Amino acid sequence: MAIRSFLYYFLVFLFWHLNELSVYGAREVINHPNASPSPVSKCSASPHGFAGGSQSLRVTYKGGHCSPLGNSSQILILDQSRVDSINYLNSKTYVTSDLKATHLDSSIKGSPLDAGVFFVQVGFGTPQQNFDLLLDTGSDVTWVQSKPCSTCKKIFNPSASSTFSNHSCIIPSGESNYIIKYRDHSYSKGYYGCDTITMSRTQVYPNFRFGCGQNPNKKFSGASGVLGLTSDGDAMKRFGKIFCYCLPTKEPSYGYLHFERDAQSKCKTDKSIRLLAKTYYYVNLIGISVAQMRLEISSSFPSNPSTIIDSGTIITRLPSSIYTQLRSAFNKSMSQYPPAKAVEPLDTCYNLKGNRNPTIPQVVLHFENSNDIRLDTDTVLYKGDIDTVFCLAFAAKEKQSDLNIIGSHQQRKLNILYDLQNGKLGFGMGNCNH
Ligand SMILES: *[C@@H]1O[C@H](CO)[C@@H](O)[C@H](O)[C@H]1NC(C)=O
Ligand SMILES: *[C@@H]1O[C@H](CO)[C@@H](O)[C@H](O)[C@H]1NC(C)=O
Ligand SMILES: *[C@@H]1O[C@H](CO)[C@@H](O)[C@H](O)[C@H]1NC(C)=O
C-alpha cells in the first residue's frame, strides 16, 4: 500500500512538474486518472540562478507552461523571427569583411531575443545586484536595464554600487552610448557603464563594460538584459575566449555556464570539431541520420560555411530537401501514432496520448571526421500547445542561401565547449549535472 501510494504521488509529481517541459513528456505521457491537467496557476516562482556566490553560473529554462513567452505556438513564431533576423544580418555582414564598418549603421548584430528561454543570473556592482539575463551566443553587447528607466521593472542602480564608473573602461575613441536595433524595429538603448560583474564565486571581472539600458521598448522574454556571447563581443575578450554550457531540459533543474579554466576542467567533452568564430559560431555539419538512414548535407567549410550553432534559436533549421527526407523517414517510423495538427513551423506532429514509452527514432548529427552526436530523444520532439501533442523538432529553412542553424532544443543535455583560442567546438554528454 505504501509503495502504491508513493508511486501514485510520484506519478502525480511527474505529471505536474514534467509535462510542461517540452519533450521530456514524450516518454512520460502519463494519463493517471486523478492527475487532471495541471492548472497554470501552479506556476511557482522561477528558480534562481546562483544566489550570490555559488560555484558556477546556473542556467535556467523558462519555456514551459509558466513561460512569460506564451504557449508553444507563440514561442515558435518568435523563434522564426529570430531566424529571419539572423539570416538578414548574416547576408549583410558576411559579405562585408569589415564588421566594424557595419557596426554603427546596423548598430549591433542583435537578433530578436523574444524567444530566449535560457537565463543566467549575473551580479552587477558592489555590493552585487543580481539580474536574470538571456544567454545569447548571437548578441554582442551585454546589457542590463538600469536607472533611470521609467518603464523597467527590475533595474540596476549604478549609484548604489561603489565600483561603478561611467567612463573608466571605455577606450578614448569608443562610443559612450549604445543602441541595439532589432529587425522588428524594437531596440535597447542607453549608455555604457563599467563595473564589476560577478559570474560565480571564483569568476569576478572588475571594470567590465556593459550597456545600461533605458526604456527598452519590448519585453525581452521577461529578462533584465542580455549576456552577449558572440565571438567579437566584449564578453569574449574578457572571459578568455573560452566558455562552455549545458542547457537543461526541465524547469526545476539547472544547467551551467562556465568560463575560462572552469570551462575546460568542468565540461567533459569527447568530441571536437573545427569552430569558425565570425560573430556567429560556424561548424561543419555534413549530415543527419534518422532511423539509420543517413542524409548528406553539402558544405564548403571553412571557405563558405553554412551552419551555425546558436543558443538563442530554439528549433534546428535544415536545407529543405534534407528536411523533407528527414520528415518522411521519421514519419514512416512513427506510423503507429496518430498524426496531429501542425504547430507552425513544425509540420510533423503526433498525438501520443496514452503512450508512456513511445518509440522515437534515433537522430544523429554528423560532423566532419566521424564526429557523430546522437541526440537525446527528449530533443527530437517538441511539445505543442496540447500536452499530448509532440512534433518533430526540426524545420526547413526558407531560402537555400539561409544558414543552417543548430538550435538550443537539440543542444540540451550536451556539454558544449566553445574554445575560440584553438578554433574548436567540443561536445560531450553533460546531462547538466555536476
Ligand atoms: C496560444 O496563445 C494565443 C494568444 O494567447 C492564442 O490566440 C492561441 O489560440 C493559443 N493557441 C493554443 C493552441 O492554445
Ligand atoms: C552616466 O552617464 C550617462 C550619460 O552620459 C548619464 O545619463 C547617467 O546618469 C550617468 N550615470 C551615472 C551613475 O553617473
Ligand atoms: C505521416 O504519415 C501519415 C500516414 O502514416 C500521413 O497521414 C501523414 O500525412 C504523414 N505526415 C507527414 C507530415 O508527412
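Values reported hereafter were calculated over all heavy atoms of this structure, with side chains retained and with hydrogens, waters and symmetry mates removed. If you're wondering where the values come from, they're calculated on a predicted model, not measured in any experiment. For ligands, and for the atoms within them, numbers begin at 1 and follow the listed sequence.
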Q | Ring center gap for Phe210 and Phe124 short of 6.0 angstrom | A | yes
Q: Any disulfide (SG to SG under 2.5 Å) involving residues 288-334? Give me the pairs, sequence neighbours left out, ordered by first then second residue.
A: none
Q. According to the interplanar angle, ranging from 0 to 90°, do the rings of Tyr205 and Phe259 count as parallel (below 30°), tilted (30 to 60°) or perpendicular (above 60°)?
A. perpendicular
Q.
Closer than 4.0 Å to some heavy atom of Thr348 - which atoms of ligand 3 meet that?
A. 13 (C)
Q. Does a donor on one side chain and an acceptor on the other come within less than 3.5 Å for Asn331 and Thr348?
A. no
Q: Using ring-ring contact (aromatic ring centres under 6.0 Å, His included) as the criterion, point out the one residue from Tyr256, Phe119, Tyr418 that pairs with Tyr245.
A: Tyr418
Q: Taking only heavy atoms of the protein into account, state which residues are under 4.0 angstrom from an atom of ligand 1, in chain and number order.
A: Asn71, Gln74, Asp385
(Q) I'd like to know whether Lys397 forms a side chain to side chain donor-acceptor pair (under 3.5 Å) with Asn404, so could you lay out the CA-CA distance, the side-chain angles of the two residues, the decisive distance to 0.1 Å, and finally the verdict. (A) CA-CA 7 Å; Lys397 57 186 189 181; Asn404 305 321; 2.7 Å; yes
**Q.** Asp347: numbered ligand 3 atoms lying under 4.0 Å from its heavy atoms
**A.** 13 (C)
Q: Would you check whether Arg327 has a nitrogen or oxygen atom less than 3.5 angstrom from a nitrogen or oxygen atom of ligand 3?
A: no
Q: Examine the side chains of Asp195 and Ser161 and answer whether a donor and an acceptor come within less than 3.5 Å of each other.
A: yes
